[in-house]
Amino acid sequence: MSDALVFHFDVDGDNFTSAGQASTQVKRNLRQLGLPPAIIRRVSIAMYEGEINMVIHADGGTADVMVTEEYIEIILKDQGPGIANVEQAMQEGFSTATDSIRSLGFGAGMGLPNMKRYTDSMEINTVLGVGTTITMRVNLA
Amino acid sequence: MKVKDLLEHGFEALSLPDGDREIDGAYIGDLLSWVMGRAQMDNAWITIMTNVNVIAVASLADTSCVILAEGVDMSDELVSTAEAKDVNILRSNDPTYETAIKLSGLIA
């Protein structure tokens, strides 16, 4: 098996304008690797939703993307407040975002559900007051 | 129908880096996660939202174009960003409903 490709990004916490830079760069990288557009789209959207979540709720974080022959893995890590009730957060329409976030078109309570929708597996590790790590995989095989 | 063909039917181009792209269906919405969750690749996306995140969503969700309804304004800076990111942005002076009906007649 050949070596995995790894990309690392820092997600700026207080900047909505630059939010999406990491996912846009990943989209570009995956395109250069010649991956199918439908796969690129799923990875890009899942990662963008995660990036936006880190900006809204956690003052930023890091994103690591690993591309192997079998799958693409995205690990999003933040030192935010943690998710009090994951089951509730996974429900479409549930959101704790503020009105100012909503006025930007976010905060519809679809972020985590979209991340699950577009990936083959998603694992959430969260500790209140410590942070959240989300690991998602999109299978290539 | 190609994105650039809409220009002959009263749609105005703000950014048209990929006018030859084919339109396949449409999605209407202003809440960005709904668009990312429900819009299909190659859809025309009709919205009245005009912030920078619209360009990111259009690019990542791989829509064929964004159609701004109600004649809403987009800043020159954002138009430049759209061009740089290969995102087609058109504008219609009609309200969203009429814009959708018109588009439907053209791409059916």
Side-chain angles (χ1 to χ4, degrees), chain A residues 11-12 15-31 35-53 55-56 74 89-95 97 99-119, chain B residues 15 17-18 20-25 27-70 72 74-87 89 96:
Chain A
V11 178
D12 190 354
N15 196 341
F16 258 105
T17 313
S18 65
Q21 269 179 2
S23 21
T24 304
Q25 186 58 47
V26 164
K27 181 187 172 186
R28 204 170 296 145
N29 293 350
L30 297 181
R31 211 180 243 178
L35 290 163
I39 294 277
I40 296 175
R41 186 175 185 271
R42 287 170 59 202
V43 171
S44 306
I45 292 177
M47 189 167 162
Y48 183 62
E49 290 281 19
E51 241 188 293
I52 292 294
N53 276 350
V55 175
I56 294 176
I74 307 157
M90 287 302 300
Q91 286 170 13
E92 290 194 358
F94 178 82
S95 176
D99 284 348
S100 66
I101 299 295
R102 288 169 203 262
S103 71
L104 293 171
F106 294 113
M110 295 282 287
L112 286 171
N114 274 350
M115 289 157 74
K116 191 173 173 62
R117 180 198 308 266
Y118 285 121
T119 55
Chain B
S15 158
D18 190 13
D20 283 323
R21 187 148 177 191
E22 288 285 340
I23 299 172
D24 183 10
Y27 185 82
I28 302 171
D30 304 316
L31 293 177
L32 303 178
S33 288
W34 277 87
V35 177
M36 285 189 280
R38 301 282 201 267
Q40 305 290 312
M41 193 186 293
D42 299 323
N43 276 178
W45 169 26
I46 304 174
T47 184
I48 53 166
M49 269 289 190
T50 57
N51 62 45
V52 68
N53 305 303
V54 168
I55 295 162
V57 168
S59 167
L60 299 170
D62 220 359
T63 56
S64 55
C65 63
V66 176
I67 299 177
L68 302 176
E70 310 271 5
V72 291
M74 180 171 265
S75 71
D76 293 344
E77 193 189 341
L78 287 191
V79 168
S80 307
T81 306
E83 279 162 355
K85 290 198 170 167
D86 237 8
V87 172
I89 311 254
T96 305

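First the proteins, then the strands, lettered A, B, ... as listed; each starts at 1. None of the values given here were measured: they were computed from a predicted structure.
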Identify which part of [X] has an atom lying under 4.5 Å from any heavy atom of chain B, answering side chain, backbone, both or neither.
{"X": "A/Arg117", "answer": "side chain"}
{"X": "A/Glu92", "answer": "side chain"}
{"X": "A/Pro113", "answer": "neither"}
{"X": "A/Ser103", "answer": "backbone"}

Looking only at atom types and distance, does a side-chain atom of A/Tyr48 sit under 3.5 Å from a main-chain N or O of B/Met36, one as donor and one as acceptor? no
If you count the non-hydrogen atoms of other residues, nucleotides and ligands that lie under 6.0 Å from CG in B/Asp76, is the total more than 12? no
Near A/Arg31 CZ, under 6.0 Å, is it more than 12 heavy atoms from other residues, nucleotides or ligands? no
Could you pull out the closest heavy-atom pair between [X] and [Y], with the gap in Å?
{"X": "B/Ser33", "Y": "A/Gly111", "result": "OG-N, 4.2 Å"}
{"X": "A/Tyr118", "Y": "B/Arg38", "result": "OH-N, 4.5 Å"}
{"X": "A/Leu104", "Y": "B/Asn51", "result": "O-ND2, 2.9 Å"}

Taking every non-hydrogen pair under 4.5 Å, which of A/Gly109, A/Gly20, A/Ser44 racks up the most with chain B? A/Ser44
Nearest-0.5 Å distance, [atom1] of residue [X] to [atom2] of residue [Y]:
{"X": "A/Arg42", "Y": "B/Met41", "atom1": "CZ", "atom2": "CE", "value": "10.5 Å"}
{"X": "A/Met47", "Y": "B/Leu60", "atom1": "CE", "atom2": "CG", "value": "9.5 Å"}
{"X": "B/Leu32", "Y": "A/Ile52", "atom1": "CG", "atom2": "CD1", "value": "8.0 Å"}

Heavy-atom pairs under 4.5 Å with chain A, option from B/Thr47, B/Leu31, B/Val57 with the top count: B/Leu31
Find the one option among B/Gly29, B/Ala56, B/Ala61, B/Ser59 whose heavy-atom pairs under 4.5 Å with chain A are most numerous. B/Ala61
Turns out that what part of B/Asn53 lies under 4.5 Å from chain A's heavy atoms comes down to both
Do B/Lys85 and A/Thr24 have side-chain heavy atoms sitting under 4.5 Å apart? yes
